[in-house]
Protein chains: 2
Amino acid sequence: MAYQDAITALSDPRRRAIFESLRAGPKSVAHIARDQPVSRPAVSQHLKVLQSAGLVDVTAQGTKRFYQIRHQGLTTLRHYIDSFWQDTLDAFANHVTENQTKKEN
Amino acid sequence: MAYQDAITALSDPRRRAIFESLRAGPKSVAHIARDQPVSRPAVSQHLKVLQSAGLVDVTAQGTKRFYQIRHQGLTTLRHYIDSFWQDTLDAFANHVTENQTKKEN
DNA sequence: GCTTACGGTTAGTCATGGCTTACCAAGATG
DNA sequence: CATCTTGGTAAGCCATGACTAACCGTAAGC
(Lines give C-alpha, C1' and ligand atoms only; values in the text may rest on other atoms or scores of the structure.)
Protein backbone atom coordinates (compact mmCIF):
# COMPACT_ATOMS: atom_id res chain seq x y z
CA MET A 1 0.00 0.00 0.00
CA ALA A 2 2.06 2.89 1.27
CA TYR A 3 5.73 3.49 0.67
CA GLN A 4 6.54 2.08 4.10
CA ASP A 5 5.39 -1.38 3.08
CA ALA A 6 7.38 -1.18 -0.15
CA ILE A 7 10.59 -0.31 1.67
CA THR A 8 10.03 -2.98 4.30
CA ALA A 9 9.29 -5.56 1.62
CA LEU A 10 12.42 -4.75 -0.38
CA SER A 11 14.68 -4.62 2.66
CA ASP A 12 15.02 -8.39 2.84
CA PRO A 13 17.76 -9.68 0.50
CA ARG A 14 15.88 -12.80 -0.51
CA ARG A 15 12.73 -10.87 -1.22
CA ARG A 16 14.74 -8.42 -3.28
CA ALA A 17 16.24 -11.34 -5.22
CA ILE A 18 12.78 -12.71 -5.91
CA PHE A 19 11.53 -9.30 -6.95
CA GLU A 20 14.49 -8.74 -9.23
CA SER A 21 14.04 -12.17 -10.80
CA LEU A 22 10.71 -10.84 -12.06
CA ARG A 23 12.53 -8.26 -14.16
CA ALA A 24 12.67 -10.94 -16.84
CA GLY A 25 8.89 -11.12 -16.86
CA PRO A 26 6.01 -12.95 -15.13
CA LYS A 27 6.88 -16.27 -13.50
CA SER A 28 5.09 -19.03 -11.67
CA VAL A 29 5.91 -19.73 -8.03
CA ALA A 30 7.68 -22.98 -8.82
CA HIS A 31 9.73 -21.24 -11.50
CA ILE A 32 10.81 -18.55 -9.05
CA ALA A 33 11.60 -21.08 -6.34
CA ARG A 34 13.79 -23.05 -8.74
CA ASP A 35 16.32 -20.21 -8.81
CA GLN A 36 16.27 -19.58 -5.06
CA PRO A 37 18.18 -21.50 -2.37
CA VAL A 38 15.10 -21.73 -0.14
CA SER A 39 12.00 -23.87 -0.07
CA ARG A 40 8.90 -23.13 -2.09
CA PRO A 41 6.79 -22.18 0.95
CA ALA A 42 9.43 -19.60 1.84
CA VAL A 43 9.08 -18.11 -1.63
CA SER A 44 5.32 -18.16 -1.26
CA GLN A 45 5.56 -16.20 1.98
CA HIS A 46 7.85 -13.66 0.39
CA LEU A 47 5.47 -13.22 -2.53
CA LYS A 48 2.66 -12.63 -0.09
CA VAL A 49 4.61 -9.78 1.48
CA LEU A 50 5.51 -8.32 -1.91
CA GLN A 51 1.90 -8.48 -2.99
CA SER A 52 0.47 -6.80 0.08
CA ALA A 53 3.12 -4.12 -0.37
CA GLY A 54 1.71 -3.48 -3.83
CA LEU A 55 4.93 -4.44 -5.57
CA VAL A 56 3.64 -7.46 -7.49
CA ASP A 57 0.32 -8.79 -8.65
CA VAL A 58 -0.90 -12.26 -9.57
CA THR A 59 -2.64 -13.82 -12.53
CA ALA A 60 -4.07 -17.26 -11.93
CA GLN A 61 -3.88 -19.64 -14.86
CA GLY A 62 -5.09 -23.08 -13.93
CA THR A 63 -3.27 -24.16 -10.77
CA LYS A 64 -0.36 -21.95 -11.70
CA ARG A 65 -0.13 -18.42 -10.43
CA PHE A 66 1.99 -15.97 -12.38
CA TYR A 67 3.54 -13.13 -10.45
CA GLN A 68 4.74 -9.95 -12.08
CA ILE A 69 6.11 -6.59 -11.08
CA ARG A 70 3.55 -3.88 -10.43
CA HIS A 71 4.96 -0.47 -11.37
CA GLN A 72 2.56 1.49 -9.24
CA GLY A 73 4.23 0.17 -6.09
CA LEU A 74 7.58 1.44 -7.32
CA THR A 75 6.06 4.79 -8.20
CA THR A 76 4.94 5.51 -4.65
CA LEU A 77 8.41 4.57 -3.48
CA ARG A 78 9.98 6.94 -5.96
CA HIS A 79 7.71 9.78 -4.91
CA TYR A 80 8.82 9.27 -1.33
CA ILE A 81 12.47 9.53 -2.30
CA ASP A 82 11.87 12.54 -4.52
CA SER A 83 10.04 14.34 -1.74
CA PHE A 84 13.33 14.84 0.09
CA TRP A 85 14.96 17.00 -2.53
CA GLN A 86 13.13 20.30 -2.28
CA ASP A 87 12.53 19.94 1.46
CA THR A 88 16.12 19.39 2.43
CA LEU A 89 17.53 21.94 0.03
CA ASP A 90 15.25 24.64 1.45
CA ALA A 91 16.09 23.56 4.98
CA PHE A 92 19.77 23.71 4.27
CA ALA A 93 19.47 27.26 2.92
CA ASN A 94 17.61 28.27 6.04
CA HIS A 95 20.20 26.63 8.23
CA VAL A 96 22.99 28.59 6.60
CA THR A 97 21.25 31.94 7.03
CA GLU A 98 20.23 31.16 10.59
CA ASN A 99 23.71 29.93 11.36
CA GLN A 100 24.67 32.86 13.56
CA THR A 101 21.30 33.18 15.30
CA LYS A 102 22.20 30.30 17.62
CA LYS A 103 18.84 28.62 17.92
CA GLU A 104 18.31 25.66 20.22
CA ASN A 105 20.02 22.67 18.65
CA MET B 1 27.37 2.55 0.10
CA ALA B 2 25.23 0.59 -2.29
CA TYR B 3 21.47 0.80 -2.67
CA GLN B 4 21.09 -2.33 -0.54
CA ASP B 5 22.40 -0.52 2.52
CA ALA B 6 20.10 2.43 1.88
CA ILE B 7 17.01 0.24 1.67
CA THR B 8 18.00 -1.73 4.75
CA ALA B 9 18.67 1.45 6.69
CA LEU B 10 15.33 3.00 5.76
CA SER B 11 13.36 -0.18 6.44
CA ASP B 12 13.31 0.42 10.19
CA PRO B 13 10.45 2.76 11.22
CA ARG B 14 12.44 4.55 13.90
CA ARG B 15 15.38 5.07 11.61
CA ARG B 16 13.02 6.41 8.97
CA ALA B 17 11.54 8.78 11.54
CA ILE B 18 15.01 10.01 12.45
CA PHE B 19 15.93 10.41 8.81
CA GLU B 20 12.73 12.29 8.05
CA SER B 21 13.26 14.56 11.02
CA LEU B 22 16.37 15.78 9.22
CA ARG B 23 14.19 17.14 6.43
CA ALA B 24 13.99 20.30 8.52
CA GLY B 25 17.76 20.68 8.37
CA PRO B 26 20.88 19.55 10.25
CA LYS B 27 20.40 18.61 13.89
CA SER B 28 22.52 17.54 16.83
CA VAL B 29 22.11 14.08 18.30
CA ALA B 30 20.47 15.39 21.46
CA HIS B 31 18.07 17.46 19.39
CA ILE B 32 17.05 14.45 17.37
CA ALA B 33 16.69 12.25 20.44
CA ARG B 34 14.43 14.84 22.07
CA ASP B 35 11.71 14.11 19.52
CA GLN B 36 12.08 10.35 19.66
CA PRO B 37 10.58 7.96 22.25
CA VAL B 38 13.86 6.08 22.64
CA SER B 39 17.12 6.68 24.48
CA ARG B 40 19.96 8.76 23.08
CA PRO B 41 22.25 5.72 22.56
CA ALA B 42 19.54 4.15 20.43
CA VAL B 43 19.47 7.26 18.26
CA SER B 44 23.25 7.19 18.09
CA GLN B 45 23.16 3.62 16.82
CA HIS B 46 20.57 4.46 14.21
CA LEU B 47 22.62 7.40 13.00
CA LYS B 48 25.62 5.12 12.67
CA VAL B 49 23.63 2.84 10.39
CA LEU B 50 22.31 5.76 8.35
CA GLN B 51 25.81 7.13 7.98
CA SER B 52 27.40 3.89 6.83
CA ALA B 53 24.53 3.57 4.36
CA GLY B 54 25.57 6.92 2.92
CA LEU B 55 22.26 8.56 3.78
CA VAL B 56 23.59 11.15 6.23
CA ASP B 57 26.87 12.81 7.03
CA VAL B 58 28.21 14.54 10.11
CA THR B 59 29.76 17.89 10.90
CA ALA B 60 31.45 18.16 14.28
CA GLN B 61 31.12 21.51 15.99
CA GLY B 62 32.63 21.43 19.45
CA THR B 63 31.21 18.45 21.29
CA LYS B 64 28.09 18.64 19.19
CA ARG B 65 27.78 16.62 16.03
CA PHE B 66 25.32 17.85 13.41
CA TYR B 67 23.79 15.22 11.17
CA GLN B 68 22.24 16.07 7.83
CA ILE B 69 20.74 14.28 4.87
CA ARG B 70 23.16 13.29 2.13
CA HIS B 71 21.47 13.41 -1.26
CA GLN B 72 23.90 11.08 -2.95
CA GLY B 73 22.60 8.17 -0.89
CA LEU B 74 19.10 8.85 -2.10
CA THR B 75 20.30 9.13 -5.67
CA THR B 76 21.67 5.60 -5.76
CA LEU B 77 18.39 4.40 -4.33
CA ARG B 78 16.45 6.23 -7.00
CA HIS B 79 18.61 4.77 -9.75
CA TYR B 80 17.85 1.31 -8.44
CA ILE B 81 14.12 1.94 -8.59
CA ASP B 82 14.30 3.52 -12.02
CA SER B 83 16.23 0.56 -13.37
CA PHE B 84 13.08 -1.53 -13.21
CA TRP B 85 11.10 0.47 -15.72
CA GLN B 86 12.73 -0.35 -19.04
CA ASP B 87 13.63 -3.89 -17.99
CA THR B 88 10.18 -4.95 -16.95
CA LEU B 89 8.42 -3.20 -19.82
CA ASP B 90 10.62 -5.00 -22.33
CA ALA B 91 10.13 -8.28 -20.53
CA PHE B 92 6.39 -7.85 -20.54
CA ALA B 93 6.38 -7.24 -24.28
CA ASN B 94 8.39 -10.41 -24.79
CA HIS B 95 6.08 -12.38 -22.56
CA VAL B 96 3.06 -11.33 -24.57
CA THR B 97 4.60 -12.39 -27.88
CA GLU B 98 5.90 -15.67 -26.45
CA ASN B 99 2.56 -16.35 -24.84
CA GLN B 100 1.59 -19.16 -27.14
CA THR B 101 5.02 -20.77 -27.37
CA LYS B 102 4.44 -22.50 -24.03
CA LYS B 103 7.92 -22.22 -22.59
CA GLU B 104 8.85 -23.81 -19.29
CA ASN B 105 7.25 -21.75 -16.59
C1' DG C 1 42.24 22.61 37.53
C1' DC C 2 37.04 20.59 38.32
C1' DT C 3 32.52 19.90 36.60
C1' DT C 4 29.06 19.58 33.19
C1' DA C 5 27.18 18.66 28.49
C1' DC C 6 27.56 15.88 24.33
C1' DG C 7 27.78 11.63 22.20
C1' DG C 8 29.93 7.12 20.79
C1' DT C 9 30.56 2.09 22.39
C1' DT C 10 29.66 -2.34 24.86
C1' DA C 11 27.04 -6.10 27.12
C1' DG C 12 23.03 -8.22 27.61
C1' DT C 13 17.87 -8.76 26.95
C1' DC C 14 13.89 -9.49 24.20
C1' DA C 15 10.82 -9.22 20.14
C1' DT C 16 10.52 -9.65 15.18
C1' DG C 17 10.62 -12.28 11.16
C1' DG C 18 12.62 -15.75 7.87
C1' DC C 19 12.95 -20.64 7.38
C1' DT C 20 11.45 -25.68 7.30
C1' DT C 21 8.26 -29.41 7.83
C1' DA C 22 3.77 -30.86 7.56
C1' DC C 23 -0.68 -30.22 5.95
C1' DC C 24 -4.56 -29.00 2.90
C1' DA C 25 -7.41 -27.27 -1.24
C1' DA C 26 -8.01 -27.06 -6.16
C1' DG C 27 -7.16 -27.63 -11.02
C1' DA C 28 -4.90 -30.89 -14.54
C1' DT C 29 -4.21 -35.53 -16.43
C1' DG C 30 -4.72 -40.37 -17.18
C1' DC D 1 -12.77 -41.20 -10.20
C1' DA D 2 -7.80 -41.58 -8.81
C1' DT D 3 -3.50 -39.39 -8.97
C1' DC D 4 -0.32 -35.74 -9.63
C1' DT D 5 0.96 -30.97 -9.77
C1' DT D 6 0.71 -26.34 -8.02
C1' DG D 7 0.79 -23.37 -4.31
C1' DG D 8 -1.11 -21.25 0.00
C1' DT D 9 -1.19 -21.78 5.26
C1' DA D 10 0.20 -23.16 10.25
C1' DA D 11 3.37 -24.40 13.88
C1' DG D 12 7.67 -24.20 15.67
C1' DC D 13 12.71 -23.06 15.60
C1' DC D 14 16.39 -19.93 15.49
C1' DA D 15 19.13 -15.86 14.01
C1' DT D 16 18.97 -10.95 13.48
C1' DG D 17 18.59 -6.53 15.30
C1' DA D 18 16.51 -2.76 18.26
C1' DC D 19 16.70 -1.28 22.84
C1' DT D 20 18.46 0.01 27.67
C1' DA D 21 21.89 0.61 31.25
C1' DA D 22 26.45 1.49 32.20
C1' DC D 23 30.72 3.20 30.81
C1' DC D 24 34.24 6.20 28.65
C1' DG D 25 36.52 10.10 26.09
C1' DT D 26 36.36 14.95 24.84
C1' DA D 27 35.25 19.81 24.53
C1' DA D 28 32.97 23.91 27.22
C1' DG D 29 32.32 26.75 31.02
C1' DC D 30 32.95 28.12 35.75
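We use all heavy atoms of the structure for the numbers below, so side chains are in, but hydrogens, waters and symmetry mates are not. Chain letters run A, B, ... following the sequence lines, proteins first and then strands; every chain starts at 1.
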Visitor: Tell me whether the side-chain N/O atoms of Thr63(B) come closer than 4.0 Å to OP1 or OP2 in dC6(C).
Guide: no

Visitor: Do any side-chain nitrogens or oxygens of Tyr67(B) fall under 4.0 Å of OP1 or OP2 in dC6(C)?
Guide: no

Visitor: Atom pairs under 3.5 Å, N or O on each side, protein against nucleotides 16-22 of chain C: can you list them with distances?
Guide:
from: dG18(C); atom 1: OP2; to: Arg15(A); atom 2: NH1; distance (Å): 2.9
from: dC19(C); atom 1: OP1; to: Arg14(A); atom 2: NE; distance (Å): 2.8
from: dC19(C); atom 1: OP1; to: Arg14(A); atom 2: NH2; distance (Å): 3.1
from: dC19(C); atom 1: OP2; to: His46(A); atom 2: NE2; distance (Å): 2.2
from: dT20(C); atom 1: OP2; to: Ser39(A); atom 2: N; distance (Å): 2.8
from: dT20(C); atom 1: OP2; to: Ser39(A); atom 2: OG; distance (Å): 2.7
from: dT20(C); atom 1: O4; to: Gln45(A); atom 2: NE2; distance (Å): 3.2

Visitor: Which one, dT9(D), dT5(D), dG7(C), comes nearest to the side chain of Arg65(B)?
Guide: dG7(C)

Visitor: Any salt bridge (charged side-chain N to carboxylate O under 4.0 Å, His left out) involving residues 51-62 of chain A? Give me the pairs, sequence neighbours left out, ordered by first then second residue.
Guide: none

Visitor: Can you name the residues that form a side-chain hydrogen bond (donor to acceptor under 3.5 Å, both in side chains) with Asp35(B), not counting sequence neighbours?
Guide: none

Visitor: Using OP1 and OP2 only, check whether a side-chain N or O of Lys48(A) sits under 4.0 Å from dT9(D).
Guide: yes

Visitor: Return the set of residues passing salt bridge (charged side-chain N to carboxylate O under 4.0 Å, His left out) with Asp82(A) (not counting sequence neighbours), or none when no residue passes.
Guide: Arg78(B)

Visitor: May I ask you to test the Arg65(A)-Leu47(A) pair for a side-chain heavy-atom distance under 4.5 Å?
Guide: no

Visitor: Quick one: side-chain hydrogen bond (donor to acceptor under 3.5 Å, both in side chains) partners of Gln4(A), sequence neighbours excluded?
Guide: none

Visitor: Rounded to whole Å, please give me the gap between CD in Gln36(B) and P in dA18(D).
Guide: 14 Å

Visitor: Tell me the interatomic distance from Leu50(B), atom CG, to dG7(C), atom C1', rounded to whole angstroms.
Guide: 16 Å

Visitor: Could I get the full list of ring-ring contact (aromatic ring centres under 6.0 Å, His included) partners for Phe19(B), not counting sequence neighbours?
Guide: Phe84(A)

